[in-house]
Amino acid sequence: MIIKPVVQGVVARTCHPVGCKQAVKNQINYVTQQTPAQTGSTLPKRVLILGASSGFGLSARTALAFGAAKADTLGVSFERGISDKSVGSAGWYNNIWFREFAEQEGRFAGNIVGDAFSSQTREQVVDAIKTHMGGSVDLVIYSLATGVRPNPATGDFWRSVIKPVGEPVTGYSVNIEKGTLESVTMPPASREEIEATEKVMGGEDWQDWIGWLAGQGVLADGFRTVAFSYIGPEQTHALYHHGTLGYAKAHLHKTKDELNQKMASLNGKADIAVCKALVTKASVFIPGLAPYLLALMNVMKQQGTHETCIEQMYRLFYERFYTSSNDSTVTDSNGLIRMDDWELSPDTQSKTIALLEQINPGNFRQMGDYEGFVKEFMQINGFFHPEVDYSQPLNLAELKSLIP
Ligand code: NAI
């Protein structure tokens, strides 16, 4: 079978398993080519990643397993394998290839594919930590991005929405399928929608996970945990920072402080890394954000500061999170790790906003880095990798025999 890219709006309906392998390999190559960091003795040796199969989670896993930490990793993700209807999701294959590469280096790399909100998945994680990771982990990375979370009390679901709060916002969304920029007006969210988004993307589940792992005795003394946030410049605040997602992130930030109090007895520490805006399966879905992303990519590439997930995660763990100076994490005055520092630098912002103000459906390909945006989107789904011969048919039986 020959697999071609099929995109619906901004959702990839196919992925290329061999291209996914190349994407994982490229991230590993990036990590192994860095000069090993001098980060003291506290680098984590056993890491649990919730949301490990793509985006920041996969890159964090790669940086820690293949960088100086040489960590064993356990990854949780919600992905689908090959079926009669579909070839499966990119994250499914990323899990497979990551494990294969990590095992070649003698590292443990377990994958649990299931709903991170379910008690069954939680129990599987604890079993795996006890069986394969010496009984405890010293870092938990919380990198889930999802639209739904089951409400155990009702059996129903909380569903997050990406909307402004208070006033409607009009902007442009990109449609990768059609190659167009389309005007969208987002109505303000209702109180229920804001609360549901907080439930799905806020800190409650992070707190539940840490509480559950602590209760099961699988968090090492002095363990650390980190979740990811976004703030962005004022020009995007109406649709993100002051919108439903921003409310959820504010809840996540508050949760960090609560966790720090609760976990003191284990010498545990919770952090938030505020990351830069970049192309992932989740971020392309945010209505109205694309023009900013197109302008930002254009400027940061010109300035030589463009980063994808792997560069961000490598810099996070080896320059900010675990540091050589007495192992103290570098944070701002609010206790947040600012991986968006290059994005928000005055020079980058003034150039980006100047471009953003001019971008429209007629000129976005010239004013923004649309080509780079599409390339990154395709590459995370296994396409557009020059090393891969896409004319080669894939063996379905062989693909079916692969398990994460
Ligand atoms: P992503 O879509 O690439 O990855 C999400 C991961 O969560 C995948 O591994 C997926 O399998 C897993 N997942 C989703 N639902 C699950 C479930 N029910 N059970 C188990 N696993 C599940 O997303 P991305 O962009 O890496 O986002 C991760 C975090 O980073 C999010 O909190 C996001 O808000 C944050 N962030 C993202 C930025 C961006 O530009 N992409 C910028 C700053 C923060």
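Every number for a ligand or one of its atoms is a count from 1 in the order of the listing. What you see is a predicted model, and the numbers here were worked out from it, not measured in a lab.
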- Message: Can you confirm whether the side chains of W92 and S77 place a donor and an acceptor under 3.5 Å from each other?
- Response: no
- Query: What do we get for S229 next to ligand 1 when only non-hydrogen atoms under 4.0 Å count, side chain, backbone, both or neither?
  - Reply: backbone
- What protein heavy atom is closest to atom 34 (O) of ligand 1, reported as residue, atom name and distance in Å? K249 NZ, 2.8 Å
- Message: Any atom of ligand 1 sitting under 4.0 Å from a heavy atom of K276?
- Response: yes
- Query: Do Q302 and K351 have side-chain atoms, one donor and one acceptor, less than 3.5 Å apart?
  - Reply: no
- Any atoms of ligand 1 less than 4.0 Å from a non-hydrogen atom of K281? List them with their elements. 2 (O)
- May I ask you to decide whether R149 forms a salt bridge with E204, counting only side-chain N to carboxylate O separations under 4.0 Å? yes
- Message: Hydrogens and angles aside, do Q8 and E177 bring a side-chain donor and acceptor to less than 3.5 Å of each other?
- Response: no
- Which option, C275, G114, G51, owns the non-hydrogen atom nearest atom 20 (C) of ligand 1? G114
- Query: If you measure from the Lys or Arg side-chain nitrogens to the Asp or Glu carboxylate oxygens, is any gap between E103 and R99 under 4.0 Å?
  - Reply: yes
- Item | salt_bridge(D257, K269) N-O dist < 4.0 Å | no
- Message: Is the contact between E79 and ligand 1 made by the side chain, the backbone, both, or neither, using heavy atoms and a 4.0 Å cut-off?
- Response: side chain
- Item | Where ligand 1 meets A277 - atom numbers and elements under 4.0 angstrom, heavy-atom basis | 40 (O)
- Message: Side chains of Y230 and E343: any donor to acceptor distance under 3.5 Å?
- Response: yes
- M201 heavy atoms within 4.0 Å reach ligand 1 at atoms 32 (O), 34 (O)
- Message: Students often mix this up, so state it plainly: with edges at 30° and 60°, are the rings of Y390 and H16 parallel, tilted or perpendicular?
- Response: perpendicular
- Of the side chain and backbone of T280, name the one, both, or neither that has a heavy atom under 4.0 Å from an atom of ligand 1. side chain
- Which residue supplies the protein heavy atom nearest to atom 9 (O) of ligand 1, what is that atom called, and how far is it? S53 OG, 2.6 Å
- Query: Under 3.5 Å, is there a donor-acceptor pair linking the side chains of E376 and T308?
  - Reply: no
- Task: Would you please classify the geometry between the Y314 ring and the Y318 ring as parallel, tilted or perpendicular, with 30° and 60° separating the classes?
- Result: tilted
- Could you pull out, from C309, G55, A145, the option with a heavy atom nearest to atom 23 (O) of ligand 1? A145
- Minimum-distance protein heavy atom relative to atom 26 (O) of ligand 1: F56 N, 2.9 Å
- Check the side chains of T329 and R224 for a donor-acceptor pair under 3.5 angstrom, ignoring hydrogens and angles. yes
- Shortest protein heavy-atom distance from atom 1 (P) of ligand 1, along with the residue and atom involved: S54 OG, 3.5 Å
- Task: Show which atoms of ligand 1 fall inside a sub-4.0 Å distance from at least one heavy-atom site of S77.
- Result: 9 (O), 11 (O), 20 (C), 21 (N)
- Item | Heavy atom of the protein closest to atom 40 (O) of ligand 1 (residue, atom name, distance) | L278 N, 3.0 Å
- Mark up the atoms of ligand 1 that fall under 4.0 Å of a heavy atom belonging to F117, in ascending order. 18 (N)
- of all protein heavy atoms, closest to atom 28 (C) of ligand 1 is S143 OG, 3.2 Å
- Please say whether more than 12 non-hydrogen atoms of neighbouring residues, nucleotides or ligands are located less than 6.0 Å from CZ in F108. yes
- Message: Among all the protein's non-hydrogen atoms, which is closest to atom 21 (N) of ligand 1, and how far away is it?
- Response: F78 N, 3.3 Å
- Message: Looking only at protein heavy atoms, which one is nearest to atom 35 (C) of ligand 1, and what is the separation?
- Response: F228 CB, 3.8 Å
- Task: Counting heavy atoms only, name the option from I380, T146, N94 that's nearest to atom 15 (N) of ligand 1.
- Result: T146
- Do the charged groups of K301 and D369 touch, with an N to O distance under 4.0 Å? yes
- Between H241, H253, K249, K256, which is the residue that forms a side chain to side chain donor-acceptor pair (under 3.5 Å) with S229? H253
- Is the shortest N/O to N/O distance between G57 and ligand 1 below 3.5 Å? no
- Should A116 be counted as touching ligand 1, given the test is an N or O pair under 3.5 Å? yes
- Task: May I ask you to list the atoms of ligand 1 that are less than 4.0 angstrom from any heavy atom of D115?
- Result: 17 (C), 18 (N), 19 (N)
- Numbering as shown, the atoms of ligand 1 that approach S283 to under 4.0 Å (heavy-atom distance): 39 (C), 40 (O), 41 (N)
- Query: Does any donor atom in the side chain of T348 or Q303 lie under 3.5 Å from an acceptor atom in the other side chain?
  - Reply: yes
- ligand 1 versus A52: contacting region, heavy-atom distance under 4.0 Å: backbone
- Message: Could you tell me, atom by atom, which parts of ligand 1 come under 4.0 Å of a heavy atom of A282?
- Response: 2 (O), 23 (O), 25 (O)
